[in-house]
2 protein chains.
Amino acid sequence: MDEFRETELKKRISESTIRRLSLYHRALEIVEENGSETVSSKELAKIEKLTPAQVRKDLSFFGSFGTRGLGYPVKDLKAKIARILGIDRVWNIALVGVGNIGSALVSYKEFARQGFKIVKLFDNDQRKIGSNHKGIVVSDIKNIVSELSGSEIEMVVVCVPGSVAQFVVNDIVKAGLRAILNFAPVNLKVPDDVFVRNENMAMELEYLSYALVNNHSKNRVK
Amino acid sequence: MDEFRETELKKRISESTIRRLSLYHRALEIVEENGSETVSSKELAKIEKLTPAQVRKDLSFFGSFGTRGLGYPVKDLKAKIARILGIDRVWNIALVGVGNIGSALVSYKEFARQGFKIVKLFDNDQRKIGSNHKGIVVSDIKNIVSELSGSEIEMVVVCVPGSVAQFVVNDIVKAGLRAILNFAPVNLKVPDDVFVRNENMAMELEYLSYALVNNHSKNRVK
DNA sequence: CCTATTTTGTGAAGGCTTTCACATAGATAA
DNA sequence: TTATCTATGTGAAAGCCTTCACAAAATAGG
């Protein structure tokens, strides 16, 4: 059943491959809505602006899901990718820092749609503690270690200012959690077995700035 | 003056190098606050969890900014990176889709701090059009082409649902803009000379999900 | 001034990722 | 059943990015 689990295959799957699996999953939703039973690597590639060879290579790391001459079975492949990514279940998530971004994420439908359920909120602001966001009462961040330890929560979204993010993360680690989505613009120090993904929105604008200033156009004259 | 402009050097600078320049810039802010006059590649690397060789190699693409035996001049290097990235100026930005995420970004201090100024808002919802967000009145998206054409706005942040994102982007392109930060979970089709960066927050959670499920720990026993 | 020390800048090596190209296998049609 | 067509799966090649390792340059301390 777990024939494509990386730990069992003892193969190193690259980060880019995993990120593209998310894209394939998303593309398969589109194809599924169109009513197709099967889809080719060419079609998947087109939707996400990749190459067919890339699609096939990525999928081949996890098994042979397609049929030669026909393509991949849409429903089945989608389920298999969901299983690989671990999104064939609900993940309970805590969010720390109910500011602008934080409270926007509480209502962010794309999280819910993918099975990411924000079930607990923390803040250090007395005016926010006890207040209600989409049915969730904001807890005092002072109690974060005890409230997360042994709870059903396995991921934390950090939306606090950069100056306090490391302290918050220390507590999250202390509580035994191992997955953090960080919106603070700092590099968090965590033990090797804790996973951190950084969401740095200003950095993306900086990239656009660079591209414009350097006229870094893909089809510019040489 | 422009000795490090990519177009003049005719060198291809990788995307990862540019993203790391943002990190170096951020690290230099920290070092500057600490009052240091100079900083070594080793110190910069430590702050952003990179290698000293990586830092030196990245910077070397743009020139020789350091002094052997001493390191890099903090203030000066920071200014030079800002220049390379094009963030030594203010960028005027329009934001389309004043929903949860959109309105959070209007107040997002990290954008403002880096010189990214949201100066115009668009939405298609009659209840939102005319309303005021942080001093900006929401415009009708119907007028987006005429209002952006020839304006001082050079970047657009797209926070509309995936189902309408492509239509919005078509209008942005029609208005002659070439830089888009896209929060919609779709792959946008744009001409080759238009730059799109995708911010896919659910994808980051999916990566965390994968990491947890596959016990993909950095220091696991082989 | 000389020596020891520090740290840059950079070719070259190594490693990783993507693309190529084709054998293979199943689908389709007559 | 046989021929033709289509699209996968995958070694090998190519390309790209990171790390290594060291000469060179500047400092610091006698």
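From a predicted model like this one, the values you see are computed outputs, not experimental measurements. Naming convention: chains lettered A, B, ... in sequence-line order (proteins, then strands); numbering from 1 in each chain.
Within the structure, the salt bridge (charged side-chain N to carboxylate O under 4.0 Å, His left out) test picks out the following pairs touching residues 154-163 of chain B (sequence neighbours left out): B/Arg89-B/Glu154. Within the structure, the salt bridge (charged side-chain N to carboxylate O under 4.0 Å, His left out) test picks out the following pairs touching residues 30-40 of chain B (sequence neighbours left out): B/Glu32-B/Lys78. Residue pairs meeting the side-chain hydrogen bond (donor to acceptor under 3.5 Å, both in side chains) criterion with at least one partner in residues 63-74 of chain A, sequence neighbours excluded, do not occur; the list is empty.
Under the ring pair (Phe, Tyr, Trp, His ring centres under 6.0 Å) criterion, A/Tyr108 pairs with A/Phe111, not counting sequence neighbours. Listed by chain and number, the residues in a side-chain contact (heavy atoms from CB on, under 4.5 Å) with B/Thr17 are B/Ile13, B/Ser14, B/Arg20, B/Asp58, B/Phe61, B/Phe62 (sequence neighbours excluded). The side-chain contact (heavy atoms from CB on, under 4.5 Å) check on A/Lys46 picks up nothing, with sequence neighbours excluded. B/Pro161 is linked by a side-chain contact (heavy atoms from CB on, under 4.5 Å) to B/Ser163, B/Val164, counting only residues two or more places apart in sequence or in another chain. Remark: B/Arg113 engages B/Glu29, B/Glu110 in a side-chain contact (heavy atoms from CB on, under 4.5 Å) (not counting sequence neighbours). With sequence neighbours excluded, the residues that form a side-chain hydrogen bond (donor to acceptor under 3.5 Å, both in side chains) with A/Arg197 are A/Glu15, B/Glu204.
Protein chain A touches strand DNA chain D; the 5'-most and 3'-most nucleotides with an atom under 4.0 angstrom of its non-hydrogen atoms are D/dT6 to D/dA12.
Under the 4.5 Å side-chain criterion, counting only non-hydrogen atoms from C-beta, A/Val173 is not in contact with A/Leu177.
C/dT17 atom P lies 11 Å from atom CD1 of A/Ile18, rounded to whole Å. Following rounding to the nearest Å, A/Leu50 (CG) and C/dT18 (P) show an atom-to-atom distance of 9 Å.
Of the residues in residues 19-27 of chain B, B/Arg20 come within less than 4.0 Å of DNA chain D through at least one heavy atom, sorted by number.
In terms of phosphate contacts, A/Gln54 brings no side-chain nitrogen or oxygen within less than 4.0 Å of OP1 or OP2 of C/dT17. Note on A/Ser16: every side-chain N or O is 4.0 Å or more away from OP1 and OP2 of C/dT17.
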Expected rows: protein N/O vs nucleotides 3-10 of chain C N/O, under 3.5 Å:
{"unit_1": "C/dT7", "atom_1": "O4'", "unit_2": "B/Gly69", "atom_2": "N", "d": "3.1"}
{"unit_1": "C/dT7", "atom_1": "O2", "unit_2": "B/Gly69", "atom_2": "N", "d": "3.3"}
{"unit_1": "C/dT8", "atom_1": "OP1", "unit_2": "B/Ser41", "atom_2": "N", "d": "2.6"}
{"unit_1": "C/dT8", "atom_1": "OP2", "unit_2": "B/Ser41", "atom_2": "OG", "d": "2.6"}
{"unit_1": "C/dT8", "atom_1": "O2", "unit_2": "B/Arg68", "atom_2": "NE", "d": "3.4"}
{"unit_1": "C/dT8", "atom_1": "O2", "unit_2": "B/Arg68", "atom_2": "NH1", "d": "3.1"}
{"unit_1": "C/dG9", "atom_1": "OP1", "unit_2": "B/Phe65", "atom_2": "N", "d": "3.2"}
{"unit_1": "C/dG9", "atom_1": "OP1", "unit_2": "B/Gly66", "atom_2": "N", "d": "2.9"}
{"unit_1": "C/dG9", "atom_1": "OP1", "unit_2": "B/Gly66", "atom_2": "O", "d": "3.4"}
{"unit_1": "C/dG9", "atom_1": "OP2", "unit_2": "B/Tyr72", "atom_2": "OH", "d": "2.8"}
{"unit_1": "C/dG9", "atom_1": "O4'", "unit_2": "B/Arg68", "atom_2": "NH2", "d": "2.9"}
{"unit_1": "C/dG9", "atom_1": "N7", "unit_2": "B/Arg56", "atom_2": "NE", "d": "2.8"}
{"unit_1": "C/dG9", "atom_1": "O6", "unit_2": "B/Arg56", "atom_2": "NH2", "d": "2.9"}

